[in-house]
Number of protein chains: 2
Amino acid sequence: MRHLLPYKYVEEIAKAGSIRKAAETLAITPSALNRRLLTIEDELGVQIFERLPVGVRLNTAGEILLEHIRNQMSDMERVKSQIADLSGQRRGTVSIVTSPELQGSFLAGEVLKYQSEFPGVTFQITQKFRGEVEQALIEHQADIGIVYEPTKLADFQTLYNLVQPVYCIMEKSHPLAAKKSLRLYECAEFPLILTDKTWGVRNLLSQSAIRLGINLRAVIQSDSRGFLNNYGRTSEQLSFDIPINIPENLDERGMLAVPINPLDVPEGFVFVGHLKGRTIPVASARFLEQVTTQMAGQFG
Amino acid sequence: MRHLLPYKYVEEIAKAGSIRKAAETLAITPSALNRRLLTIEDELGVQIFERLPVGVRLNTAGEILLEHIRNQMSDMERVKSQIADLSGQRRGTVSIVTSPELQGSFLAGEVLKYQSEFPGVTFQITQKFRGEVEQALIEHQADIGIVYEPTKLADFQTLYNLVQPVYCIMEKSHPLAAKKSLRLYECAEFPLILTDKTWGVRNLLSQSAIRLGINLRAVIQSDSRGFLNNYGRTSEQLSFDIPINIPENLDERGMLAVPINPLDVPEGFVFVGHLKGRTIPVASARFLEQVTTQMAGQFG
DNA sequence: AATAGTGATGCATTTTTTGCAACGCCCTTA
DNA sequence: TAAGGGCGTTGCAAAAAATGCATCACTATT
């Protein structure tokens, strides 16, 4: 698609904040790039970038144009995908942005399942916090968004949502292990392993704790679940998670999950969807369908 | 926008059905145009047109691409419009497709009003029958659609709709002129001036007549209102119209309009809106706002 | 005051696009 | 069956556009 090269150039200049830097990553001379920009601005009749002593910066007109450019480029991807699909090819890239709660085995399993059927399809999975997923979709960094407890949904087209109550994870020998359902104050008596508040689970817990006047004592806190996973817990400690993110081998590891009373901690929701007003590529649409079907069967 | 010249070329080839003819209207050589097409197909990896002995014809891939091209081109218009609006210019073109009921003085007055405020804005008004308006929007022949009694609204984003009951138009001396409201069987006793069924009013009348077992006797029938207007009516004859299309000087011409009982003929609706999922140019959006406000004030 | 960064520009070079002419194909017509 | 006219395609030379290089003017930092 050589004809939308100018678009790519504008996008890169905007990202780099300087014509010379952009020219370097684009592997052309600054003068050529500069002239392309001048041509575009000339055709448009307006400046797109304001010139600063240290480089360039998008002005309002430029932002309008850049939004169009991003729409246009990803719509072209969709077109290519649909055309490829016509000829029976199953190719393309499925790009997904998820909140960290979805980085567990569920999504990985779905990707594996999909790829076993369509080996030509590649995946790109990005992790963003729940407040940033929608923005990533707006910027066309991904086609599909899957978020637990998103902070806003203005430009998000929800295709499926899934109830995911908070569970408490503990060793089988734990004093609370016999219970069928836990109250939050019971958990609060033990040392807790918590993520930070960018996570949906932690956010639900914190809000509930404030409402109920309970103090949650974190013995360890991290924004990375990988770190917490590697942290060898003691037998007293409790952690929290949602079903879709609870490892399947919990039992083998001598642990179990007990739900927390929804009156104490409200049930959260996983939202699955894409940017509003977009038609996403075929492969993405098919994967989306598979995921929602699996969710409905496994958790619904 | 030189970079979307290839798009324009594809569109023209599709329209002309032949490279040579398209080349002529595009004022370039067939060989150059052909090579551009081959380049595009090469970049896309698929043929866009199937080659026939008598020319070329879009295949499925081509249709997908053409839809993208039309979206892209009209979205670029929107971008330019929004950018022009930033710098305080009020320029651009407002393109409207309406059913014939809207070609009366109402819309013309609104256009005049708008242009008196923004002389830089030009208008393009196209008439289509109620079943074709939506398709015209899909093909990006216009930004705004205004239809009386549309046949479908699948891709139509309604921004306003207006109740428009059917009125009966007659001379002041007519036997029915004293009534405040008419039954359909009363009208059926007189010779009628009717449009054909592509018109919404006629469609409402015909359906009601069938339901009520009434026979409507048309002394003259035409799909063109202009013709009917020039037709010198006799004092007995009746015609039908909706308020928004009734001329303001009816009284001066010795005529009046009497509503038909909605129990006999259901009230029709004027739908105002644009293609679903589109952001229309600034001038169009502003005009749309003016029209709906005026409609609400004058008829709502 | 020197330096290092920025965007802009004149000029020669390279790359791309275009026009011209001709070819091969298929359908219609004589 | 042969001739003619329409079609898309292609080789080649000319025209046009894009690029790279060197350089300028400017500004913030050192």
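Reminder, nothing fancy here: chain letters follow the sequence lines and each chain counts from 1.
- dT17(C) atom C1' lies 15 Å from atom CG of Leu37(B), rounded to whole Å.
- Ser18(A) comes within 4.0 angstrom of sugar-phosphate atoms only, judged by non-hydrogen atoms across all strands, and of no base.
- Rounded to an integer number of Å, the gap from CG of Leu33(B) to P of dT18(C) is 9 Å.
- With respect to Arg278(A), the salt bridge (charged side-chain N to carboxylate O under 4.0 Å, His left out) criterion is satisfied by exactly one of Asp143(A), Asp75(A), Asp155(A): Asp143(A).
- At a threshold of 4.0 angstrom between heavy atoms, the contacts of Ile28(B) are confined to the sugar-phosphate backbone, with no base atom among them.
- The shortest distance between the side-chain N/O atoms of Arg2(A) and the OP1/OP2 oxygens of dT17(C) is below 4.0 Å.
- For Arg35(B) and Asp42(B), the salt-bridge test fails: no basic side-chain N is under 4.0 Å from an acidic carboxylate O.
- Nucleic acid contact for Arg36(B): sugar-phosphate only, since backbone atoms but no base atoms lie under 4.0 Å from a heavy atom of the residue.
- For Lys21(A), whose side chain is taken as the heavy atoms from C-beta onward, the closest listed nucleotide among dG7(C), dT19(D), dT6(C) is dT6(C).
- For Gln47(A) and Pro30(B), each mapped to the nucleotide of DNA chain C holding its nearest heavy atom, the one lying further toward the 5' end belongs to Gln47(A).
- For Thr29(A) against dC21(D), no side-chain N or O and base N or O form a donor-acceptor pair under 3.5 Å.
- Atoms CD (Glu50(B)) and C1' (dG8(D)) sit 14 Å apart, rounded to a whole Å.
- One atom, CZ of Arg35(B), and another, C1' of dA17(D), lie 16 Å apart when rounded to the nearest Å.
- If you take OH on Tyr148(B) and CH2 on Trp199(B), they are separated by 11.5 Å, rounding to the nearest 0.5 Å.
- Taking the nucleotide of DNA chain C with the nearest heavy atom to each of Ala27(B) and Gly17(A), the more 5' of the two is matched to Gly17(A).
- Rounded to whole Å, atom C1' of dA17(D) lies 15 Å from atom CG of Asp42(A).
- If you measure from atom CG of Leu26(B) to atom C1' of dT18(C), you get 14 Å, rounded to the nearest angstrom.
- Both Arg20(A) and Asn34(B) sit near DNA chain D, but only Asn34(B) has its closest nucleotide nearer the 5' end.
- Taking a cutoff of 4.0 Å between a charged side-chain nitrogen and a carboxylate oxygen, Arg57(A) and Glu50(A) qualify as a salt bridge.
- Outside the 6.0 Å centre-distance limit, the rings of Phe287(A) and Phe118(A) are not counted as a close aromatic pair.
- Per the geometry, CG belonging to Leu5(B) stands 11 Å off P belonging to dA17(D), to the nearest Å.
- Nucleic acid contact for Leu38(B): sugar-phosphate only, since backbone atoms but no base atoms lie under 4.0 Å from a heavy atom of the residue.
- We find that CG of Leu58(B) is positioned 16 Å from C1' of dG8(D), with the value rounded to whole Å.
- In this structure, Arg51(B) reaches the dT9(D) phosphate: one of its side-chain N or O atoms is under 4.0 Å from OP1 or OP2.
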